[in-house]
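Notes follow once the structure below has been shown.
Sequential numbering from 1 along the given sequence is applied to the chain's residues. If you're wondering where the values come from, they're calculated on a predicted model, not measured in any experiment.
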Amino acid sequence: LGHLLRDRGYGMMNLGDINKQALAGAVSTGTHGTGLGLGSISTQVEGMTLVMPDGSLRECSATKDPDLFAAARVSMGALGVIARLDVRLQPAYKLKLTKQPMELDECLARAPER
């Protein structure tokens, strides 16, 4: 999904650290990325359509069936299969990865600045 969004000038607020998972799986399992001010991927969902056990479709969002929506965002499929997601995006951006080996004591001491 990241490459498709980037090609259109968009990005997600927060991403998981693996790219082998479907978006519905990342949402429903509470997958998180990084950053103190960022929620899990499920917090980026604005609405969804679930396939219910009887095969019917049910739409939900913060304003349409909000209790179902709140529960379904991290339900691991227990409330229905996620068939569609409406996800809040932002303009594309670039991250810079920096890897640096250091001793644990130094790492812990520098954690607040990092």
Side-chain angles (χ1 to χ4, degrees):
L1 179 62
H3 295 294
L4 294 171
L5 291 175
R6 180 202 60 214
D7 292 347
R8 290 165 176 78
Y10 296 101
M12 293 182 65
M13 276 57 151
N14 199 3
L15 298 169
D17 63 351
I18 61 168
N19 63 0
K20 304 296 184 207
Q21 189 175 28
L23 181 59
V27 167
S28 65
T29 58
T31 297
H32 59 86
T34 185
L36 288 175
L38 299 171
S40 68
I41 293 173
S42 66
T43 64
Q44 297 172 60
V45 176
E46 297 286 328
M48 65 174 68
T49 301
L50 298 171
V51 180
M52 304 310 287
D54 66 0
S56 65
L57 298 179
R58 193 146 161 204
E59 293 183 19
C60 58
S61 68
T63 58
K64 183 177 184 178
D65 208 344
D67 291 338
L68 176 64
F69 178 65
R73 287 195 300 176
V74 289
S75 68
M76 298 192 299
L79 300 177
V81 175
I82 296 173
R84 193 195 85 235
L85 290 166
D86 298 323
V87 180
R88 184 175 53 255
L89 302 174
Q90 67 179 37
Y93 58 93
K94 290 185 179 186
L95 295 176
K96 179 181 175 184
L97 173 64
T98 303
K99 292 183 179 183
Q100 179 183 358
M102 66 179 68
E103 296 295 323
L104 178 59
D105 290 340
E106 181 184 1
C107 178
L108 294 174
R110 295 178 70 184
E113 73 187 58
R114 296 281 182 176

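Results of the side chain to side chain contact (heavy atoms under 4.5 Å, CB included) test with L50 over D65, V81, L68 single out L68 as the only residue that passes. The side chain to side chain contact (heavy atoms under 4.5 Å, CB included) test with M48 singles out one residue from D86, V87, L85, and that residue is L85.
Pairing each heavy atom of T29 with each of Q21, the nearest pair is OG1-NE2, 3.4 Å. Pairing each heavy atom of S28 with each of G77, the nearest pair is CB-N, 4.4 Å. Shown here for G30 and S40, the closest heavy-atom pair between the two residues is O-CB, 3.7 Å. Of all heavy-atom pairs spanning P112 and A109, the tightest one is CD-O, 3.6 Å.
One finds the OH atom of Y93 at 12.5 Å from the CZ atom of R6 (value rounded to the nearest 0.5 Å). Annotation: the span from Q90 atom CD to Q44 atom CD amounts to 8.0 Å, rounded to 0.5 Å. Separation of atoms CD (E103) and CZ (R110) is listed at 12.5 Å; rounding is to 0.5 Å. Between the CE atom in M102 and the CG atom in L108 there is a gap of 10.0 Å [rounded to 0.5 Å].
Hydrophobic clustering (side-chain heavy atoms under 4.5 Å, transitive across Ile, Leu, Val, Met, Phe, Trp, Tyr) keeps L57 apart from V45. Residues L5 and L23 share a hydrophobic cluster, clusters being chains of Ile/Leu/Val/Met/Phe/Trp/Tyr side chains in contact below 4.5 Å. When hydrophobic clusters are built by joining Ile, Leu, Val, Met, Phe, Trp and Tyr residues whose side-chain heavy atoms come closer than 4.5 Å, directly or via intermediates, M52 is grouped together with L79. Cluster annotation: I41 is connected to L1 through the hydrophobic network of ILVMFWY side chains, with a link wherever side-chain heavy atoms come within less than 4.5 Å. L38 and Y10 fall into different hydrophobic clusters, defined by Ile, Leu, Val, Met, Phe, Trp and Tyr side-chain heavy atoms under 4.5 Å apart, directly or through other members.
A donor-acceptor contact closer than 3.5 angstrom links the side chains of T49 and R84.
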